[in-house]
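Each remark here refers to the structure printed beneath this line.
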Amino acid sequence: MKLEGGIELTKIREMKDGEIEEIAKIARDEVFGELSSKEMEDLLRKRGEYPYLQHFVAEENGTIIGFISWSFWDRWDKDIILEISLLAVKRDFQRKGIGKRLIEHSFRSVKAYWQKQGLNIVMLRTETDEANKTAQRFYEKILKPSQKFVVPDVWGPNGGIVFYFKKLS
């Protein structure tokens, strides 16, 4: 969001030590309502460590309002595939371009890191629930995926998973 005069209010930055509890709460509230904050925090911690898992936050007026987690998904020689493993924005801040900014700004940092390691990102990958039409529209609009696969009934009726792959040039 912007103030008058075009000054940016929302800042996108790398997550700092000690902020995992805050992003775990956002993930629980906005994505994984069936998990406790502690379970969500454990899930985030067990997905990997830097640099194979990189978290970025959207911060407004000193408060974290969203986050994205990028993970290293696969590698062949010098080419790698990265995954958006989690992306969530607090409900009151959704539909304001924050998710898009999280992807765009954090991807530049993640890409620069892997390029310094001599690796080339050739594809992005993410997934969402088949029932989550809002997330599907978001990823289709923002990522413009090269491929979309639906695996129905993974978690029972209406519990499928939609996989997105975006080939980069």
Side-chain angles (χ1 to χ4, degrees), residues 1-2 6-20 22-27 29-32 40 43-60 62-91 93-129 132-149 161-169:
M1 292 200 268
K2 292 186 179 187
I7 299 170
E8 232 17 90
L9 278 177
T10 305
K11 177 181 178 183
I12 309 296
R13 62 169 175 78
E14 285 189 56
M15 181 188 78
K16 298 175 187 170
D17 288 340
E19 292 179 329
I20 197 139
E22 288 182 67
I23 70 169
K25 184 177 181 329
I26 294 169
D29 292 348
E30 304 304 334
V31 182
F32 296 100
M40 194 62 237
L43 179 68
L44 284 165
R45 288 183 196 279
K46 290 177 182 171
R47 287 194 170 207
E49 294 181 2
Y50 184 87
Y52 296 100
L53 180 67
Q54 296 180 38
H55 302 290
F56 293 80
V57 299
E59 180 182 63
E60 191 163 297
T63 301
I64 294 175
I65 59 171
F67 77 97
I68 187 170
S69 298
W70 290 94
S71 61
F72 183 98
W73 195 64
D74 203 359
R75 177 180 177 171
W76 177 260
D77 195 25
K78 297 284 185 185
D79 293 334
I80 62 173
I81 299 173
L82 289 184
E83 173 183 34
I84 299 173
S85 60
L86 281 172
L87 171 65
V89 175
K90 286 184 177 180
R91 197 165 318 271
F93 295 90
Q94 292 176 3
R95 299 191 177 277
K96 297 180 184 204
I98 294 167
K100 178 182 179 185
R101 289 191 56 230
L102 275 162
I103 290 172
E104 292 172 351
H105 289 260
S106 64
F107 181 68
R108 285 196 290 270
S109 294
V110 171
K111 183 178 179 181
Y113 172 83
W114 289 111
Q115 284 178 333
K116 285 179 188 172
Q117 309 311 309
L119 299 174
N120 180 43
I121 301 168
V122 295
M123 187 173 291
L124 303 179
R125 176 211 177 276
T126 195
E127 64 189 60
T128 190
D129 294 333
N132 191 340
K133 301 300 182 193
T134 301
Q136 290 176 47
R137 283 189 299 272
F138 172 79
Y139 285 125
E140 288 168 15
K141 178 181 177 186
I142 302 304
L143 290 182
K144 296 176 179 49
S146 312
Q147 295 287 319
K148 171 184 174 180
F149 300 97
I161 301 173
V162 181
F163 295 95
Y164 293 102
F165 294 88
K166 168 71 174 181
K167 190 171 182 178
L168 305 176
S169 49

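Not measured: the values here are computed from a predicted model.
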From [atom1] ([X]) to [atom2] ([Y]), nearest 0.5 Å:
{"X": "K166", "Y": "I142", "atom1": "NZ", "atom2": "CD1", "result": "11.5 Å"}
{"X": "H55", "Y": "L53", "atom1": "NE2", "atom2": "CG", "result": "4.0 Å"}
{"X": "I121", "Y": "Y113", "atom1": "CD1", "atom2": "OH", "result": "11.5 Å"}
{"X": "Y164", "Y": "Q147", "atom1": "OH", "atom2": "CD", "result": "12.5 Å"}
{"X": "K78", "Y": "Q117", "atom1": "NZ", "atom2": "CD", "result": "10.0 Å"}

Legend entry - Stepwise side chain to side chain donor-acceptor pair (under 3.5 Å) check, T128 with Q136: CA-CA 7 Å; T128 190; Q136 290 176 47; over 6 Å; no
Search all heavy atoms of [X] against all heavy atoms of [Y] and return the closest pair with its distance.
{"X": "W114", "Y": "L82", "value": "NE1-CD2, 3.9 Å"}
{"X": "D77", "Y": "R75", "value": "O-NE, 2.6 Å"}
{"X": "K141", "Y": "K144", "value": "O-NZ, 2.9 Å"}
{"X": "G99", "Y": "V89", "value": "N-CG2, 4.0 Å"}
{"X": "L44", "Y": "S69", "value": "CD2-OG, 4.2 Å"}
{"X": "A58", "Y": "I12", "value": "CB-CD1, 3.7 Å"}

Do [X] and [Y] have side chains that get closer than 4.5 Å, going by heavy atoms?
{"X": "Q94", "Y": "E30", "value": "yes"}
{"X": "F32", "Y": "L86", "value": "yes"}
{"X": "F149", "Y": "V162", "value": "no"}
{"X": "L124", "Y": "F165", "value": "no"}
{"X": "F56", "Y": "I23", "value": "no"}
{"X": "V122", "Y": "L168", "value": "no"}
{"X": "I84", "Y": "W70", "value": "yes"}
{"X": "F107", "Y": "L102", "value": "no"}

Legend entry - Ion pair E59/R13, N-O distance below 4.0 Å: yes
Inset, instruction - Mark yes when over 12 heavy atoms from residues, nucleotides or ligands other than K133 sit less than 6.0 Å from its NZ; otherwise mark no. - result: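 More than 12 heavy atoms, drawn from other residues, nucleotides or ligands, come within 6.0 Å of this atom.
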Inset, instruction - Give a yes or no on this: more than 12 heavy atoms of other residues, nucleotides or ligands lie within 6.0 Å of atom OH of Y52. - result: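 Not buried by this count: 12 neighbours or fewer within 6.0 Å.
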May I ask you to decide if [Y]'s main-chain N or O and [X]'s side chain share a donor-acceptor pair within less than 3.5 Å?
{"X": "K90", "Y": "I26", "value": "no"}
{"X": "R91", "Y": "F93", "value": "no"}
{"X": "R101", "Y": "T10", "value": "yes"}
{"X": "N132", "Y": "A135", "value": "yes"}
{"X": "T126", "Y": "E83", "value": "no"}
{"X": "K148", "Y": "P145", "value": "no"}

Inset, instruction - Compute whether any side-chain donor of one residue and acceptor of the other, for Y139 and E127, lie under 3.5 angstrom apart. - result: no
Legend entry - Criterion side chain to side chain contact (heavy atoms under 4.5 Å, CB included) on D79 and L119, from CA distance to verdict: CA-CA 6 Å; D79 293 334; L119 299 174; over 6 Å; no
Inset, instruction - Start with the C-alpha gap between K25 and E22, add the side-chain angles, then the distance that decides, and say whether side chain to side chain contact (heavy atoms under 4.5 Å, CB included) holds. - result: CA-CA 5 Å; K25 184 177 181 329; E22 288 182 67; 5.9 Å; no
